[in-house]
Amino acid sequence: YYAVMSRNLSHIVYYAKDTVFNEAWIEVFNQFDYLFISGKAPIMKAMAPSLPHLMMDRLEFMKSTVFKKDDDVAYDNIKVLENEIDAEGVYQLLNGIEELESVRKKTKEEFIQYLLDNSGDNGTTVFIEEEGKVIASASAVGETRKTAMIVGVGTHPDERQRGLGKTVLHYLVDLYVNKKHKTLCLYYDDERAGALYEKLGFVKIDDWIMLIPKHD
């Protein structure tokens, strides 16, 4: 029996060779302040009865290994997060986006440190700034020799329909797939986001389930 977990901020990803869940993992999970646990659907369905305070929420899981750059998408206004000031600007943007609830589960300081920890050899956050305010950003985190995970894709509500989200995503996918020759992964539960990811060359690889706290 083989199993492994990884933690990215408040998110635990769990993988096991078999679908039989060993409840000894619960003690391991409880060592961390996690918001949700995710994994392949059969494995999560086996785990769910052992975690009755959590409920299942289905996601789509995708990957990209091929990307054709669109020459009509310009990268001139893209900035790469390098320091705490950049990280604070990205935090202010993402913290104000209603859909990105997980951002608000950490303090400002914790989230800024998370962005900095996932910079350099560990990942890349890019953003677009106008008049001193970050208005769009996206991150590739948990970078390894072969992969990275896309998270935190967001555009300020007042600046949507301008293609800014598309621009930051294009930059990251081009960087990782074409220049670093790595596989990018992501998960989503919004059909509108899924349509964008498919246009970028992402393909579905698995049914994915997230275990999240039950509503009161």
Side-chain angles (χ1 to χ4, degrees), residues 1-64 90-91 93-115 117-118 122-123 138-144 146-154 183-198 202-216:
Y1 181 88
Y2 296 94
V4 64
M5 63 156 279
S6 65
R7 183 173 68 101
N8 179 23
L9 196 58
S10 297
H11 177 195
I12 287 177
V13 178
Y14 176 86
Y15 175 77
K17 184 177 180 181
D18 301 308
T19 56
V20 177
F21 179 61
N22 184 342
E23 293 194 352
W25 276 98
I26 296 175
E27 184 177 344
V28 178
F29 298 156
N30 289 339
Q31 295 178 33
F32 303 101
D33 179 21
Y34 67 88
L35 177 61
F36 52 86
I37 305 172
S38 72
K40 290 184 178 181
I43 298 171
M44 292 295 100
K45 288 178 180 178
M47 180 192 296
S50 299
L51 297 166
H53 63 292
L54 302 178
M55 65 181 186
M56 291 190 290
D57 186 20
R58 186 175 177 275
L59 299 171
E60 299 288 354
F61 192 47
M62 306 182 84
K63 72 174 181 179
S64 176
V90 171
Y91 168 79
L93 166 68
L94 300 182
N95 187 54
I97 296 177
E98 183 179 354
E99 300 91 333
L100 299 181
E101 181 181 349
S102 62
V103 175
R104 291 179 288 279
K105 297 299 180 179
K106 293 293 182 183
T107 67
K108 173 182 175 180
E109 291 73 19
E110 288 171 334
F111 196 81
I112 287 174
Q113 190 59 51
Y114 162 74
L115 293 175
D117 289 343
N118 281 280
N122 299 322
S139 300
V141 302
E143 184 174 347
T144 69
K146 295 183 178 181
T147 65
M149 178 74 75
I150 293 287
V151 300
V153 181
T183 298
L184 276 177
C185 300
L186 59 83
Y187 53 87
Y188 72 92
D189 60 0
D190 184 322
E191 291 184 1
R192 294 170 299 176
L196 172 60
Y197 298 142
E198 287 181 359
F202 283 84
V203 296
K204 181 180 175 181
I205 54 177
D206 268 307
D207 286 326
W208 205 253
I209 284 179
M210 180 183 292
L211 297 180
I212 62 175
K214 291 182 177 179
H215 303 301
D216 297 331

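- Here the closest non-hydrogen pair linking Lys204 and Arg58 is NZ-NH2, 3.6 Å.
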task: Kindly indicate, with the supporting measurements, whether the criterion side chain to side chain contact (heavy atoms under 4.5 Å, CB included) is fulfilled by Val28 and Tyr14.
output: CA-CA 11 Å; Val28 178; Tyr14 176 86; over 6 Å; no

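- You'll find the side chain of Thr107 stays beyond 4.5 Å of the side chain of Tyr91, heavy atoms only.
- Note that the OH atom of Tyr34 and the CG atom of Leu54 stand 5.0 Å from one another [nearest 0.5 Å].
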- request: Could you walk me through whether Glu60 and Phe202 pass side chain to side chain contact (heavy atoms under 4.5 Å, CB included), step by step?
  value: CA-CA 11 Å; Glu60 299 288 354; Phe202 283 84; over 6 Å; no

Let me have the donor-acceptor pairs involving side chains of residues 36-53, under 3.5 Å, with sequence neighbours excluded, atom names and distances please.
unit_1: Ser38; atom_1: OG; unit_2: His11; atom_2: NE2; d: 2.5
unit_1: Ser38; atom_1: OG; unit_2: Trp208; atom_2: NE1; d: 3.1
unit_1: Ser50; atom_1: OG; unit_2: Glu23; atom_2: OE2; d: 2.8

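- When the shell of 6.0 Å around CD of Glu101 is examined, it contains 12 or fewer heavy atoms from other residues, nucleotides or ligands.
- Listed for the Asn22 side chain is a donor-acceptor partner under 3.5 Å among the backbone atoms of Ala24.
- The two atoms that bring Gly154 and Leu93 nearest to each other are O-CD2, 3.8 Å, heavy atoms only.
- Under the 3.5 Å distance criterion, the side-chain polar atoms of Asn122 are matched with a main-chain donor or acceptor of Asp117.
- Counting heavy atoms from C-beta outward, Val203 and Ser64 have side chains that stay 4.5 Å or more apart.
- In this structure the side chain of Leu94 reaches within 4.5 angstrom of the side chain of Phe111, judged on heavy atoms.
- Remark: Tyr188 OH to Met62 CE distance equals 5.0 Å, nearest 0.5 Å.
- Counting heavy atoms from C-beta on, the side chains of Met210 and Tyr187 come closer than 4.5 Å.
- The two residues Ile150 and Ala140 have their closest heavy-atom pair at CD1-CB, 4.3 Å.
- Taking 4.5 Å as the limit, some side-chain heavy atom of Met5 sits within range of a side-chain heavy atom of Phe32.
- Leu211 has its side chain out of reach of Met55: every pair of non-hydrogen atoms, C-beta onward, lies at least 4.5 Å apart.
- Here CD of Gln113 is found 14.0 Å from NZ of Lys108. Values are rounded to the nearest 0.5 Å.
- Between the side chain of Arg104 and the backbone N or O of Glu98 there is at least one donor-acceptor pair closer than 3.5 Å.
- To the nearest 0.5 Å, the span separating CG on Asn118 from CE on Met149 amounts to 11.5 Å.
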